[in-house]
Number of protein chains: 2
Amino acid sequence: MINFTIKFQYGSPIYEQIVYAVKKAIATGQLKAGDKFPSVREMSKDLRINPNTAGKVVGHLVREGMLEVRPGIGSVVSQLSPASKDQRNKILNDQVEELIVESKRLSISKEDVINAIDSNWSLKERKGK
Amino acid sequence: MINFTIKFQYGSPIYEQIVYAVKKAIATGQLKAGDKFPSVREMSKDLRINPNTAGKVVGHLVREGMLEVRPGIGSVVSQLSPASKDQRNKILNDQVEELIVESKRLSISKEDVINAIDSNWSLKERKGK
DNA sequence: GGCGGTGTACTATGTGATATAGTACAGTTA
DNA sequence: TAACTGTACTATATCACATAGTACACCGCC
């Protein structure tokens with residue numbers, strides 16, 4: 001059974017959207033460390049995607065340290081690991097910079113951006129959308 | 001003459017990297033409204049890319065409202081326009097959400113993220129890297 | 001009027017990522 | 001043994017990206 005939500009969009013590859021959905025599910029607590037992750041075949045059937053695409057998702061998540069594979073058994077959500085220096089820099093410099101550039105481009109104030117982060121930190125469901 | 005800086009990387013398309021570099025140059029004030037933007041042929045020669053790729057850059061920037069084309073003359077950096085509701089939401093919801101998800105995944109605290117935004121808002125050059 | 005510059009629109013080619021279908025294998029549980 | 005797991009293949013089709021080259025309408029300058 002699939003225990004996270006997906007809504008496919010155009011513009012980015014399917015496997016990438018699923019990977020992000022899983023990251024988000026973990027960040028929100030929908031998926032917790034130790035939870036069983038859907039099998040490749042189950043995922044491909046439920047989401048109606050190719051088994052290879054589903055396998056690609058698992059591969060990515062394993063490589064990023066969010067999933068552990070028990071050979072013959074399946075995969076399990078792994079413990080959150082603290083960021084390495086590189087990962088930390090990538091977020092706190094590059095990704096933050098991108099947010100700032102986009103905000104400035106559209107004349108959004110620093111306060112509005114910080115407020116958005118502060119009030120969305122818990123990642124509760126937004127209504128509408 | 002090219003008046004912004006680029007350093008090509010793997011992983012994302014050339015035209016996208018240039019578009020972002022221009023956005024950043026505008027955000028930092030390196031490029032100001034009214035400044036003449038390099039021509040397609042000049043850009044393709046200086047950056048050693050195909051004229052079509054350079055044309056793609058101009059097309060994107062025009063579509064996003066950062067460049068104005070004077071037919072027969074060239075293109076010019078246009079005035080910053082305030083964000084539409086959709087653009088504002090895309091940043092303040094989607095892009096902020098992505099930053100939060102990535103941060104939580106790597107156990108980076110909300111305070112660290114907000115501090116990074118606060119102290120990088122001026123977009124001064126970082127040393128090293 | 002003509003030259004040289006501008007953005008833009010074509011055709012065409014090659015490469016790589018993405019998604020699909022199908023098959024196969026080693027490992028583990030029941 | 002039977003049924004499940006992730007993984008690794010071959011093969012095909014499509015699309016984005018980057019390249020090369022040509023062409024056109026437009027404008028400023030001499």
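Heavy atoms only: backbone and side chains are in, while hydrogens, waters and symmetry mates are out. Throughout, protein chains are lettered first and strands after them, A, B, ... in sequence-line order, and every chain is numbered starting at 1.
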**Asked** Which ring-ring contact (aromatic ring centres under 6.0 Å, His included) pairs, counting each pair once, include a residue from residues 56-104 of chain A, with sequence neighbours left out?
**Response**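 Those involving residues 56-104 of chain A are A/Y15-A/H60.
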**Request:** Enumerate the residue pairs fulfilling ring-ring contact (aromatic ring centres under 6.0 Å, His included) with a member in residues 31-50 of chain A, sequence neighbours excluded, ordered by first and then second residue.
**Result:**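 Residue pairs with at least one partner in residues 31-50 of chain A: A/F4-A/F37.
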**Prompt:** Is any side-chain heavy atom of B/T53 closer than 4.5 Å to a side-chain heavy atom of B/M43?
**Reply:**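 The answer is no; the side chains never approach within 4.5 Å.
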**Side-chain touch B/N93/A/N120, heavy atoms, less than 4.5 angstrom** =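 A side-chain contact under 4.5 Å exists here.
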**Item:** side chain to side chain donor-acceptor pair (under 3.5 Å) against B/N52, all qualifying residues, sequence neighbours excluded
**Value:**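 B/N52 satisfies side chain to side chain donor-acceptor pair (under 3.5 Å) with B/N50 once adjacent residues are dropped.
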Restricting to side chain to side chain contact (heavy atoms under 4.5 Å, CB included), what partner residues turn up for [X], sequence neighbours left out?
X      : result
B/K110 : A/D118, A/W121, B/I114
A/Q95  : A/I91, B/E98, B/L99, B/E102
B/S84  : B/D86, B/Q87
A/S78  : A/E68

**Request:** May I ask you to list the residues of residues 12-21 of chain B, by number, that have any heavy atom positioned under 4.0 Å from an atom of DNA chain D?
**Result:**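 Result for residues 12-21 of chain B: B/P13, B/I14, B/Y15, sorted by number.
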**First encountered from the 5' end of DNA chain C, between B/F37 and A/R41** =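 So the residue in question is B/F37.
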Tell me: [atom1] of [X] to [atom2] of [N], nearest whole Å?
X     : N      : atom1 : atom2 : answer
A/Y10 : D/dT14 : OH    : P     : 16 Å
A/M43 : D/dT5  : CE    : C1'   : 14 Å
B/K36 : D/dC27 : NZ    : C1'   : 13 Å
A/L61 : D/dT7  : CG    : P     : 11 Å

**Request:** Calculate, to the nearest 0.5 Å, the distance between atoms OG and NZ belonging to A/S75 and A/K36 respectively.
**Result:**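 These two atoms lie 6.5 Å from each other.
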**Request:** Locate the shortest heavy-atom distance separating B/L31 from B/V22; write the atom from each residue and the value.
**Result:**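 It is CD1-CG1, 4.1 Å.
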**Item:** Strand-adjacent residues in residues 66-75 of chain B, judged by heavy atoms under 4.0 Å from DNA chain C
**Value:**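 Residues of residues 66-75 of chain B under 4.0 Å from DNA chain C: B/V69, B/G72, B/I73, B/G74, B/S75.
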**Request:** Tell me which residues in residues 49-60 of chain A put a heavy atom below 4.0 Å from DNA chain C, sorted by number, or none.
**Result:**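 Result for residues 49-60 of chain A: A/I49, A/N50, A/N52, A/T53, A/K56, sorted by number.
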**Asked** Residues in salt bridge (charged side-chain N to carboxylate O under 4.0 Å, His left out) with A/D112, at least two apart?
**Response**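 A/D112 satisfies salt bridge (charged side-chain N to carboxylate O under 4.0 Å, His left out) with B/R88 only.
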**Opening and closing nucleotides of DNA chain C in contact with chain A, under 4.0 Å to non-hydrogen atoms** =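 For DNA chain C, the relevant span reads C/dT18 to C/dT29.
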**Request:** Indicate yes or no for a side-chain donor-acceptor contact from B/K32 to the backbone of B/G29 under 3.5 Å, with no hydrogens or angles considered.
**Result:**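 Such a contact is found between B/K32 side chain and B/G29 backbone.
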